[in-house]
Every structure is written in structure tokens, then in C-alpha cells.
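A note on names: the letters A, B, ... follow the listed sequences, proteins ahead of strands, and every chain is numbered from 1.
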Amino acid sequence: AQTVTQSQPEMSVQEAETVTLSCTYDTSESDYYLFWYKQPPSRQMILVIRQEAYKQQNATENRFSVNFQKAAKSFSLKISDSQLGDAAMYFCAYRSRLGQGAQKLVFGQGTRLTINP
Amino acid sequence: NAGVTQTPKFQVLKTGQSMTLQCAQDMNHEYMSWYRQDPGMGLRLIHYSVGAGITDQGEVPNGYNVSRSTTEDFPLRLLSAAPSQTSVYFCASASARTEAFFGQGTRLTVV
């Protein structure tokens, strides 16, 4: 079974600075997706960024980028120019691309990010 | 464009009561699932479905029941509520090539 680990329960960063959230995962599969979801106080789950394992290029969405290290099974999220609106709980998640696991997301424990003005 | 609609947003139950959390999606997604979110544990899969008439258990299925009679709807039933079922519940839908889309969540308290 796949597992996802976020070892940082809480992080804080000054507004306009850069912060990196860590995520490691364990799987025997070679074809899968990795995601970062953001959960603000509204409780809504919002997709931040998505990475396909077969793509070597790291995904980027505006101020959000990932460092995907497939061999090390690491998938960190970098937030540049942090804004007050980035304050939220962030979840790393894994999903198989094919077969039985394709319907399921496996989540990490979450990292609560605080932005200091 | 409604996406995933989940009701109710809040609910308080007494121990032993039953209730159904409703979930509907309008994106014609084949996959639907229910998760519960507890502090420090992320989201854990309760039940999931790969299409109408097909359901299966996830990581924490005990005390919950599901059915999927249509592509659009995937209700979650609590048969006899227990305090351990106090949690935030999320419904999600996806297709094979898309990310999961989530409902707004239900905060359930069992007293």
C-alpha cells in the first residue's frame, strides 16, 4: 500500500518570502500522480499543483512550483513571494495512474502554513 | 457550474441516530469517493465507487454504508452514529485523467 508523509505539521514564513513544504511517499508503482491541495479556513479543498510521475519536468503554476525527485520519492512544494492568502493547510496526495488505485487518493497528514505580515 | 454538491454543511447527531450525507456531481465523472478528515491524520478514504452499481471499501469503512444507483449521486449513510464518527466529511469525484474535485465538506458532531 502507498503511504504519504508530511513531516512538518506547521510552518511559518514572512510575507513576500519563499517557503518550501516537504512531502515524501512510498510506492512500488512507476506510474502515478502527485498533488498538492490547499485547504483554507473555508474548508474547501483546492488543487494547487499536479505532477505526473512520467514527466521529468517539475510542474509550475505561477508562484507555486514543485521539486519532484522520483528516485528519492520526494515531492516538495515551493511557494514564492508568499501572500497572506496563502495561509492554509496544505496536503500532499498520491494517486495511482492505472488499476485499482486510480480511484483513490492517499493523503499526507497536512502542513499548516502561517504567513506573517 | 455546480461541480460537486455536498449537503448538509453542518450536522449534530445523538449517539445511535442514523443519517445520510448527500453528494451529487454534474461532471459525468465515473469515480466518486468519501473521505473523513481528522486532526493530524489528513483525509482517509471511507468508501469509493468506480461507476453506477459498483462500490468498494476504503481504509476506514466500518459504520458507514454507500450505494451508487446513478452516475451523479453517491450518498453516505451512517447507520448508528457514534462519537468516534465526529469528523469532517468530504465527497469527491474524478475521472481517470483528471484530479479529484471536492465538495464543501460536512462537519458532523455526534454527542
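- At a 4.5 Å heavy-atom cutoff, the contact between Arg95(A) and chain B is made by side-chain atoms alone.
- Contacts of Leu105(A) with chain B are made by both backbone and side-chain atoms, with heavy-atom separations under 4.5 Å.
- Using a 4.5 Å cut-off between heavy atoms, Ser93(B) makes no contact with chain A at all.
- Interface remark: Leu45(B) contributes side-chain atoms only to the contact with chain A (heavy atom separation under 4.5 Å).
- There is no contact between Glu59(B) and chain A, counting heavy-atom distances below 4.5 Å.
- For Phe102(B), the parts lying near chain A are the backbone and the side chain together; criterion is any non-hydrogen pair under 4.5 Å.
- In this structure, Arg43(A) is positioned above the aromatic face of Phe10(B), its NZ or CZ under 6.0 Å from the six-membered ring centre and within 45° of the axis.
- Only the side chain of Gln39(A) comes within contact range of chain B, with at least one heavy atom under 4.5 Å from a heavy atom of that chain.
- Of the listed residues (Gly105(B), Ser33(B), Ala92(B), Ser49(B)), the greatest number of heavy-atom pairs within a distance under 4.5 Å of chain A belongs to Gly105(B).
- Residue Arg107(B) touches chain A through both its backbone and its side chain, counting heavy-atom pairs closer than 4.5 Å.
- Residue Ala94(B) touches chain A through its side chain alone, counting heavy-atom pairs closer than 4.5 Å.
- Minimum interatomic distance between Val50(B) and Gln103(A) (heavy atoms only, all atoms of both residues): CG1-CG, 3.1 Å.
- Of the inter-residue distances, the one linking Met45(A) atom CE with Gln37(B) atom CD reads 6.5 Å to the nearest 0.5 angstrom.
- To the nearest 0.5 angstrom, Met41(B) atom CE is 14.0 Å from Phe107(A) atom CZ.
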